[in-house]
Amino acid sequence: MKKTVLLFLLIFSLTSCDVLNQIGGAIKLSQCDYKYNSISNMQLAGINLSNGSAISLSNFASISSILSGGSLQTIPFSMTLNMDVTNPNQAAAFLNAMEYAIEINEMEFSTGKMDIPIRVEAGQTSVFPLSIGVDLKNLMNRYSRDRVAREMSGFLGLSSNETKVTVKLWPKLMVGNTLIKVPAPIPVVFTFGGNK
């Protein structure tokens, strides 16, 4: 009986140390500096927009027609949002996985997750790629065709409207064999699009 209690306490203390270590890594990750780096692999309804910085005149008419809603059943939009994450701490910042949500001008845009370990060494900068995929037709049904078209036009640089992008990152910690999402997100805000 005594050996069982000691074994249980040893396992609990090892698990507790591991959880405390993960919490320390997540806290350091929350103290990192997050900045917009780039957008890559951008596609709208089968049109490859690359990084969105050079939308051709021929694509402009097609994009405007797509954003008007038209008779399309779905309007798939996808991209990779790359963020620089700089760790100013004296120790590595890390976690097991994370969930994220993207808002464009306070419009809920997309959610996703990264179920791979994330690590930024002390004093280093790493790039976090967030894969984003959304059906704009669903957003039009939820908000309105006009609002989604306006926000996407600003985001893509087709209008002079500046777009505020908010990224919320929820770290996930491994407790035993279960990933637990931290309740408070790490907020990252930057502006994008529009003509400057």
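Not measured: the values here are computed from a predicted model. We count residues from 1, following the sequence as given.
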With side chain to side chain contact (heavy atoms under 4.5 Å, CB included) as the test, would you mind laying out the steps for Asn161 and Ser153 before giving the verdict?
CA-CA 8 Å; Asn161 300 330; Ser153 292; 6.0 Å; no
Report the residues that fulfil side chain to side chain contact (heavy atoms under 4.5 Å, CB included) with Thr111, sequence neighbours left out, ordered by chain and then residue number.
Ala101
Holding to side chain to side chain contact (heavy atoms under 4.5 Å, CB included), I want the full list of residues that pass it with Asn105, two or more places apart in sequence or in another chain.
Glu151, Thr163, Lys164
Specify the closest pair of heavy atoms between Glu121 and Ala92, including all atoms of both residues, with the distance to one decimal.
OE1-CB, 3.8 Å
Not counting sequence neighbours, which residues clear side chain to side chain contact (heavy atoms under 4.5 Å, CB included) with Asn87? List them please.
Cys32, Asn89, Ala93, Val120
Validation row: Phe155, Phe77 side chains within 4.5 angstrom (heavy atoms):
yes
To the nearest 0.5 Å, what is the distance between CG (Leu49) and CD1 (Ile39)?
10.5 Å
Is Val165 reachable from Tyr143 through a run of hydrophobic residues whose side-chain heavy atoms are each under 4.5 Å from the next?
yes
For Thr178, check side chain to side chain contact (heavy atoms under 4.5 Å, CB included) against everything at least two apart and list the hits.
Ile180
Output for pair (Lys113 NZ, Lys172 NZ), nearest 0.5 Å, gives 5.5 Å
Output the distance between atom CG (Leu130) and atom CG (Asn82), rounded to the nearest 0.5 Å.
8.0 Å
Hey, what do you get for CG (Asp135) to CE (Met140), rounding to the nearest 0.5 Å?
9.0 Å
Is it the case that one hydrophobic cluster holds both Phe190 and Ile132, taking links as side-chain heavy atoms less than 4.5 Å apart, direct or via other members?
yes
Taking Tyr100 for its side chain and Ser131 for its backbone only, find out whether a donor-acceptor pair lies under 3.5 Å.
yes
In chain order, what residues pass the salt bridge (Lys or Arg N to Asp or Glu O under 4.0 Å) check against Lys35, with sequence neighbours excluded?
none
State, with a plain yes or no, whether a side-chain heavy atom of Tyr36 is found less than 4.5 Å away from one of Leu81.
yes
Does any part of the side chain of Leu139, heavy atoms only, come nearer than 4.5 Å to the side chain of Ile75, both counted from C-beta?
no
Heavy-atom nearest pair, Glu103 first then Glu106, reads OE1-CA, 4.0 Å
Derivation of the side chain to side chain contact (heavy atoms under 4.5 Å, CB included) call for Phe128 and Asn37:
CA-CA 9 Å; Phe128 280 13; Asn37 175 300; over 6 Å; no
Working to the nearest 0.5 Å, report the span between OG1 of Thr125 and CG of Asp84.
6.5 Å
Looking at side-chain heavy atoms only, is the closest gap between Ile102 and Met79 below 4.5 Å?
no
From CZ (Arg145) to NZ (Lys137), nearest 0.5 Å
8.5 Å
With the side chain counted from C-beta on, respond yes when Met107 and Arg142 share a heavy-atom pair under 4.5 Å apart, and no when they do not.
no
Closest non-hydrogen atoms of Trp170 and Lys181, given as atom of the first, atom of the second and distance, are CB-CG, 3.7 Å
Mind checking whether Met42 and Val127 sit in one hydrophobic cluster, side chains of I, L, V, M, F, W, Y counted as touching below 4.5 Å?
no
Between Val167 and Tyr34, is a side chain to side chain contact (heavy atoms under 4.5 Å, CB included) present by the stated rule, with each step listed?
CA-CA 10 Å; Val167 181; Tyr34 295 81; over 6 Å; no
Are Pro171 and Ile186 close enough that some pair of their side-chain heavy atoms sits under 4.5 Å apart?
yes
side-chain hydrogen bond (donor to acceptor under 3.5 Å, both in side chains) against Gln43, all qualifying residues, sequence neighbours excluded:
none
Are Phe109 and Val148 close enough that some pair of their side-chain heavy atoms sits under 4.5 Å apart?
no
Grab the two heavy atoms, one from Met114 and one from Pro129, that are nearest each other, plus how far apart they are.
SD-O, 3.7 Å
